[in-house]
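Order of appearance sets the numbers: ligands from 1, and atoms from 1 within every ligand. All values reported here derive from a predicted model rather than from experimental measurement.
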Amino acid sequence: MLPVLASAAAQVRIAGRAVAGAGIDGGLAADGRPRAVVVAGVGAAALAGDLLAAVCGPGAPVPFLTVRSFRLPGWVGTADLVIAVSFSGDTEETLTLAREAVRRGCRLLAVGRAGSPLQAVARQAGALFVPVEAAGPERAGLWAMLVPLVSAAAAIKLTSADDALFEAVAGRLEEIAHRCRPASESFINPGKSLAMELAETVPMIWGSSPLTAVAAHRLAARLGQDAGLPALHGEIPDVGHDQAGTLDGPMAVRDIFADEGTRTLRLVVLRDTDEHPSVTRRRELSLRMAQDRGVSVTELQAEGGHPLERIATLVGLLDYGSVYLALGYGIDPSPVPVVRELEMRLSE
Ligand SMILES: O=P(O)(O)OC[C@H]1O[C@](O)(CO)[C@@H](O)[C@@H]1O
């Protein structure tokens, strides 16, 4: 998995070329701006949909929705753009949603593996298709899926994105890969340091903006898949209403007399440069209240201007933290046997 993480920058560049070759610029722009953008996908593909909405931001003139199950909402129709995203191009939920979008006459863009069933759906419908190309398991292909989504949004003027932006994102990911390289020692390697902070804890991961809240979700998802570690996640201020009680709960209590280390709560705060002032105040206070109670805190700050660049500075690092944690536990993070078992049982 470490070589796969190191290829994130290459994923961005390859995806940029795939988008150029797929002709989505002209194809999408010709039909004008849709009433709504609906991203259909599950797992990392759905997170790419959430990231798209966060990158376009609250000022976007159309609503965004990520659908992560088998049914499109009743209102989705011909005026809407449905983007079906699946790294493998073979995921039941996403194929069901893509076929439903075709039946309803929605505009469809499909993003997935070349030669996959998803491409076949797109071809039959005469819809646009962007092939994704990346090594490793599906969840590691986030950038290969996200770049086409952001490019599609840029084509219909819902955000700004060009080659220079993708190159800046690739540069950020390269820099993280260098700092997190296996040969770099824990005290200067932010990926290894993060893994050490997360080890033997129950992480409660809070984002301070819609953008970093998706990064929080990404870390929780990766910890579950890579390292088998459960984690809570959410966005400040809402998450405080739901999860602040844990600061006084059993996981927050440190038993200093215990012979072995007990699993304890850790608050992980993912800061954005673009925070609502009231969120900043709540973030600072929550952090202080956690520290007052002896709850360990990790704070990470997104960097950069464009939201895509900012998310790269967080997700790039978080992915390394999760993989190093798995390796520290002696777990090979590439396969997720329990997911494969579920898929086999479903196919019986
Ligand atoms: O992007 P795909 O291929 O549709 O996969 C969706 C999700 O299914 C899994 O492969 C298994 O749950 C995830 O790792 C992945 O994010």
Side-chain angles (χ1 to χ4, degrees), residues 1-2 4-5 7-8 11-12 14-15 18-19 38-52 66-72 82-101 108-122 127 129-150 152 214-231 233 311 315-316 318-320 322-323 325-326 331-348:
M1 184 67 95
L2 285 169
V4 173
L5 290 187
S7 70
Q11 255 187 56
V12 171
I14 292 169
V19 166
V38 179
V39 176
V42 293
L47 285 177
D50 294 346
L51 282 175
L52 174 68
T66 306
V67 180
R68 353 164 91 88
S69 185
F70 291 97
R71 277 201 190 126
L72 291 173
V82 174
I83 311 182
V85 193
S86 166
F87 185 81
S88 62
D90 198 13
T91 297
E92 189 188 357
E93 294 91 327
T94 315
L95 288 169
T96 305
L97 292 168
R99 292 190 185 109
E100 181 61 22
L108 178 69
L109 165 66
V111 178
R113 190 171 47 79
S116 64
L118 183 61
Q119 183 176 20
V121 172
F129 176 77
V130 182
V132 298
E133 200 187 310
E138 292 85 348
R139 63 188 181 280
L142 180 72
W143 299 104
M145 296 185 279
L146 184 55
V147 167
L149 298 196
V150 172
V214 188
H217 190 166
R218 167 73 170 180
L219 178 57
R222 286 221 60 150
L223 289 173
Q225 291 181 300
D226 295 330
L229 190 77
H233 67 89
I311 203 67
V315 169
L318 301 175
D319 283 4
Y320 269 99
S322 177
V323 168
L325 181 63
I331 297 171
D332 172 3
S334 295
V336 188
V338 74
V339 172
R340 297 293 161 237
E341 182 183 331
L342 177 66
E343 285 167 357
M344 271 177 55
R345 287 184 177 214
L346 281 168
S347 66
E348 277 164 16

Atom 16 (O) of ligand 1: any protein heavy atom closer than 4.0 Å:
yes

Sub-4.0 Å protein heavy atom next to atom 9 (C) of ligand 1:
no

Tell me which protein heavy atom sits closest to [atom], plus the residue, atom name and distance to 0.1 Å.
atom	value
atom 6 (C) of ligand 1	Val42 O, 3.4 Å
atom 11 (C) of ligand 1	Val339 CG1, 3.4 Å
atom 3 (O) of ligand 1	Ser88 OG, 2.6 Å

Nearest 0.5 Å, what's the [atom1]-[atom2] distance between [X] and [Y]?
X	Y	atom1	atom2	value
Tyr320	Met1	OH	CE	11.5 Å
Arg218	Leu318	CZ	CG	9.0 Å
Ile83	Leu108	CD1	CG	9.0 Å

Does any N or O of ligand 1 fall below 3.5 Å from an N or O anywhere on [X], backbone included?
X	result
Thr91	yes
Met145	no
Gly89	no

Reference residue Leu146; test side chain to side chain contact (heavy atoms under 4.5 Å, CB included); the match among Leu47, Val12, Leu51:
Leu51

Going by the atom numbers of ligand 1, which of them fall below 4.0 Å from some non-hydrogen atom of [X]?
X	answer
Phe87	1 (O), 2 (P), 3 (O), 4 (O)
Ala44	16 (O)
Gly43	16 (O)

Can a donor-acceptor pair be found, under 3.5 Å and without considering hydrogens, that links the side chain of Gln11 to the backbone of Ala144?
yes

Is Asp319 salt-bridged to Arg139, going by a charged N under 4.0 Å from an acidic O?
no

Please check if any side-chain donor atom of Asp90 sits under 3.5 Å from a side-chain acceptor atom of Ser116, or the reverse.
no

Heavy-atom closest contact (Ala46 atom, Gly41 atom, distance):
CB-O, 3.4 Å

Could you pull out, from Arg222, Arg113, Gln225, the option with a heavy atom nearest to atom 14 (O) of ligand 1?
Gln225

